[in-house]
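One structure is given here, and the rest of the page talks about it.
Count residues from 1 along the sequence. Just so it is clear, the structure is predicted and the values come from calculations on it, not from any experiment.
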Amino acid sequence: MNELVDESSGILVKPEETFPYHAQHFKVIAARVSPLGIIEAVKKVLGMSISQRKKMGKNARKKYEDDTNFFSETIKKLECVEWKKLKMVNKSIKECKLDLE
């Protein structure tokens, strides 16, 4: 999966520890950060100019919108694949017109 935050869209805090975490049917990596790590990140933001903060905010918004659009398009493609499977069983189901490439 793509990272939700990178250096152009936020302040990264180095984890003290990472460990596997099972959330429902998904395996993810969880991280524990130190309070000092968070303090350093806040200090870094406070040391940035207003224009640097605005640029980072715009980058974060664009990254969020790109990730959201990617997720939405991927779900549509998955739905289309499932509709095509159903159509094999029930010929009355409408054809999906998404390009699956």
In this structure, CG of Asp66 is separated from CG of Asn59 (nearest 0.5 Å) by 10.5 Å
Hey, could you give me the CZ/CG distance between Arg53 and Leu46, rounded to the nearest 0.5 Å?
-> 6.0 Å
Under 4.0 Å between a Lys/Arg side-chain N and an Asp/Glu carboxylate O for Arg32 and Glu16?
-> no
Does the side chain of Asp6 pick up a donor-acceptor pair with the side chain of Ser9 at under 3.5 Å?
-> yes
What distance do Tyr21 atom OH and Ile29 atom CD1 have between them, rounded to the nearest 0.5 Å?
-> 13.0 Å
The reported gap from OG1 in Thr74 to CG in Asn69 (rounded to nearest 0.5 angstrom) is 10.5 Å
Would you please test Glu7 and Leu12 for side-chain contact (heavy atoms from CB on, under 4.5 Å) and show each step?
-> CA-CA 7 Å; Glu7 292 171 350; Leu12 302 176; 3.6 Å; yes
Ser72 side chain to Thr68 main-chain N or O, any donor-acceptor pair under 3.5 Å?
-> no
Ile75 and its side-chain contact (heavy atoms from CB on, under 4.5 Å) partner, picked from Glu73, Glu79, Lys77 | Glu79
Cluster question for you: counting only ILVMFWY and a side-chain heavy-atom cut-off of under 4.5 Å, with indirect links fine, are Val42 and Met48 together?
-> no
Heavy-atom closest pair, residues Ile11 and Ala41 = CG2-CB, 3.5 Å
Ionic contact status for Glu65 with Arg61, cut-off 4.0 Å | yes
Minimal heavy-atom distance between Ile38 and Val13, with the atoms involved, is N-CG1, 4.2 Å
Path from Met56 to Val45 over hydrophobic side-chain contacts below 4.5 Å = yes
Please lay out, stage by stage, how Ile50 and Lys54 fare under the test side-chain contact (heavy atoms from CB on, under 4.5 Å).
-> CA-CA 6 Å; Ile50 297 296; Lys54 284 182 180 181; 3.7 Å; yes
